[in-house]
Amino acid sequence: MPELPEVETVRRGLAKVMEGAVIERAETRRGDLRFPFPANFAGRLKGRTITALSRRAKYLLADLDNHDVLIMHLGMSGSFRVLDEGTEETPGSFHHERSKDEAHDHVVFHLMQRGRHHLVIYNDPRRFGFMDMIARDRLADDKRFANLGLEPTGNSLDGAAIARLFAGKAAPLKAALLDQRLIAGLGNIYVCEALWQAGLSPKRLAGTIVKADGSSSERCKKLAHAIREVIARAIEAGGSSLRDHRLTDGSLGYFQHSFKVYDREGEPCPRPGCKGTIRRIVQSGRSTFHCPVCQR
DNA sequence: CCTTGAACCTGGGCGC
DNA sequence: TGCGCCCAGGTTCAAG
């Protein structure tokens with residue numbers, strides 16, 4: 001599922017019931033996801049208040065009212081579902097809202113926020129996701145976070161940033177954009193989409209869009225703009241629901257309807273005037289979808 | 001430093 | 001209906 005737009009969509013849904021909530025109970029239904037849960041995971045969460053829910057790259061970070069941060073990653077198939085259990089007097093709807101796929105409900109947070117109970121359920125069929133908890137002051141040096149690159153949201157990703165990151169790089173653009181140490185949060189879908197929008201071939205070597213003196217170029221600017229626009233529009237759309245991605249209320253994202261190239265092998269290139277056909281190639285062991293005619 | 005391939009795991013789709 | 005194969009949004013590690 002989840003690249004930056006999906007994770008950000010999930011973050012926004014979870015923040016509504018998690019920020020300011022007390023964790024009355026945390027329940028793990030097996031000993032591990034991708035990795036074992038940290039020692040005494042449930043015990044360390046019990047009674048804590050979540051002060052803020054943020055995102056870095058594809059990670060969700062729940063700040064607790066002590067020294068700890070709860071780290072959550074959705075892997076390929078993770079999703080969160082929020083069930084409103086209501087108040088003591090007016091029980092909520094969760095008894096008829098439970099997901100069908102309870103076999104893969106691996107973690108349940110029982111939350112109390114401003115007098116309302118909520119269940120936050122983590123479901124992950126493939127279990128490539130994980131949760132961890134570390135002291136907040138170790139976050140910056142944690143190897144998962146220390147080397148993360150620029151966020152493609154906000155204003156920092158511009159042509160000059162692309163030029164600085166890509167100067168001298170021999171890797172193809174596809175690989176460079178997937179490299180979380182350069183730009184953080186892009187995945188297979190949005191890299192394909194951004195390259196199409198920028199009119200750049202995924203096979204072109206990253207260093208070749210930078211000017212000889214290492215400064216920005218039209219191609220750098222176009223790429224920076226394309227990435228930011230694709231990511232922003234995907235977040236607005238609630239992300240892309242191919243298989244597992246759900247908003248926290250159970251509804252589907254709809255950016256998949258806006259794909260120009262991803263999973264559209266054999267279809268005509270949607271660029272006005274372009275007579276190309278979308279091709280699928282394999283780079284770094286993953287599918288790349290592109291138009292060989294207008295992406296150069 | 002680079003790239004590639006495999007591994008982790010379940011399930012959906014397809015051809016037969 | 002079933003079986004085998006390929007594929008899938010991510011990350012990490014080993015090997016060349």
Side-chain angles (χ1 to χ4, degrees), chain A residues 1-11 29-36 55-60 71-80 99-106 122-132 142-149 152 165-195 202-208 230-231 234-235 237-247 252-259 261-266 280-289:
Chain A
M1 134 203 208
E3 305 180 30
L4 189 157
E6 290 74 35
V7 179
E8 177 59 22
T9 297
V10 168
R11 188 198 68 77
R29 300 198 170 162
R30 49 178 298 135
D32 62 89
L33 295 172
R34 174 160 190 182
F35 308 113
R55 178 193 57 73
R56 176 74 170 106
K58 301 168 194 171
Y59 295 89
L60 290 167
I71 301 167
M72 298 175 280
H73 195 288
L74 302 173
M76 289 281 267
S77 61
S79 63
F80 278 100
S99 80
K100 34 200 146 106
D101 202 9
E102 290 186 41
H104 299 301
D105 287 349
H106 302 309
Y122 179 68
N123 182 285
D124 189 353
R126 294 178 71 181
R127 301 199 305 277
F128 286 174
F130 61 87
M131 295 193 190
D132 196 6
D142 186 284
K143 69 171 164 45
R144 292 164 289 193
F145 296 93
N147 300 313
L148 285 177
L165 294 169
F166 287 7
K169 278 249 173 297
L173 281 173
K174 173 76 187 298
L177 291 173
L178 282 174
D179 188 340
Q180 303 294 300
R181 297 168 303 182
L182 303 178
I183 300 169
L186 302 182
N188 211 31
I189 292 175
Y190 298 107
V191 166
C192 293
E193 293 297 313
L195 285 170
K203 295 188 277 192
R204 174 190 271 274
L205 303 188
T208 67
V230 165
I231 292 296
I235 292 172
S240 304
S241 289
L242 297 183
R243 169 156 286 135
D244 299 301
H245 174 57
R246 291 282 188 288
L247 308 205
L252 298 170
Y254 54 89
F255 193 74
Q256 65 278 14
H257 303 302
S258 300
F259 289 169
V261 289
Y262 187 83
D263 207 18
R264 296 200 177 284
E265 183 182 22
R280 173 185 179 272
I281 61 174
V282 175
Q283 292 178 288
S284 328
R286 338 224 1 224
S287 290
T288 296
F289 298 91

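Letters A, B, ... are given to chains in the order of the sequence lines, protein chains preceding strands, and every chain is numbered from 1. Only a predicted model underlies this, so the values are computations on that prediction, with no experimental measurement involved. No hydrogens, no waters, no symmetry mates; every other heavy atom, side chains included, goes into these values.
Rounding to whole angstrom units, CG of residue A/D179 and P of C/dT11 are separated by 11 Å. Across the protein-nucleic acid pair, A/L74 atom CG and B/dC9 atom P stand 19 Å apart, rounded to whole Å. Separating the CG atom of A/L186 from the P atom of C/dG9 is a distance of 14 Å, rounded to the nearest angstrom. Between the CD atom of A/Q180 and the P atom of C/dT12 there is a distance of 9 Å, rounded to whole Å. One atom, CD of A/Q256, and another, P of C/dA8, lie 17 Å apart when rounded to the nearest Å. Note: CE (A/M76) to C1' (B/dG11) measures 12 Å, nearest angstrom. Residue A/L33 contributes atom CG, which lies 14 Å from atom C1' of B/dT10 at whole-angstrom precision. Taking atom CZ on A/R286 and atom C1' on C/dT12, their separation rounds to 13 Å, with Å as the unit.
Remark: the separation of the P atoms in B/dG5 and C/dC7 is 13 Å, to the nearest Å. A distance of about 22 Å separates the P atoms of C/dT11 and B/dG11, rounded to the whole Å. Rounded to a whole angstrom, the distance from the C1' atom of C/dC6 to that of B/dA6 is 16 Å.
Heavy-atom distances to DNA chain B give each of A/G285 and A/R34 a nearest nucleotide, and the one nearer the 5′ end belongs to A/G285.
Within the 4.5 Å cutoff, side-chain heavy atoms of A/L178 are placed close to those of A/K174. Between A/I189 and A/F255 the shortest side-chain heavy-atom distance does not fall below 4.5 Å.
One finds a side-chain N or O of A/Y262 lying less than 4.0 angstrom from the OP1 or OP2 phosphate oxygen of C/dG9. Phosphate contact (OP1/OP2 of B/dT10, side-chain N/O of A/H104, threshold under 4.0 Å): absent. Contact annotation: A/K58 side-chain N/O to C/dT11 OP1/OP2 distance is under 4.0 Å.
Considering only side-chain atoms of A/K169, the nucleotide from B/dC2, C/dT11, C/dG9 that sits closest is B/dC2. Closest to the A/K143 side chain, of the nucleotides B/dC8, C/dA8, C/dC13, is C/dC13. Relative to the side chain of A/S287, the nucleotides C/dT11, C/dA8, C/dG9 differ in distance, and C/dA8 lies closest. Side-chain proximity of A/A171 to C/dG9, B/dC2, B/dC9: nearest is B/dC2. Candidate nucleotides C/dG9, C/dT11, B/dT10 were compared by shortest atom distance to the side chain of A/R127, and B/dT10 ranks first. Closest to the A/R243 side chain, of the nucleotides B/dT10, C/dT11, C/dG9, is C/dG9.
Aromatic stacking of A/F128 on C/dT11: not satisfied for centres closer than 5.5 Å together with planes under 30 degrees.
A/Q256 places no side-chain N or O within donor-acceptor distance of the main-chain N or O of A/L242, the cut-off being under 3.5 Å. Under a 3.5 Å cut-off, the side chain of A/Q180 and the backbone N or O of A/L186 do form a donor-acceptor pair. For the pair A/E3 (side chain) and A/K58 (backbone), a donor-acceptor distance under 3.5 Å is absent. Within the 3.5 Å criterion, the main-chain N or O of A/Y262 finds a donor-acceptor partner in the side chain of A/E193. Within the 3.5 Å criterion, the main-chain N or O of A/L148 finds a donor-acceptor partner in the side chain of A/R56.
Between the side chain of A/R126 and the base of C/dA8, a donor-acceptor pair under 3.5 Å is found.
A salt bridge is defined here as a Lys NZ or Arg NE, NH1 or NH2 lying under 4.0 Å from an Asp or Glu carboxylate O, and A/D132 with A/R144 meets this definition.
Helical stems involving DNA chain C, defined as 3 or more consecutive Watson-Crick or G-U pairs under 3.5 Å, span B:2-8 with C:10-16, B:10-16 with C:2-8.
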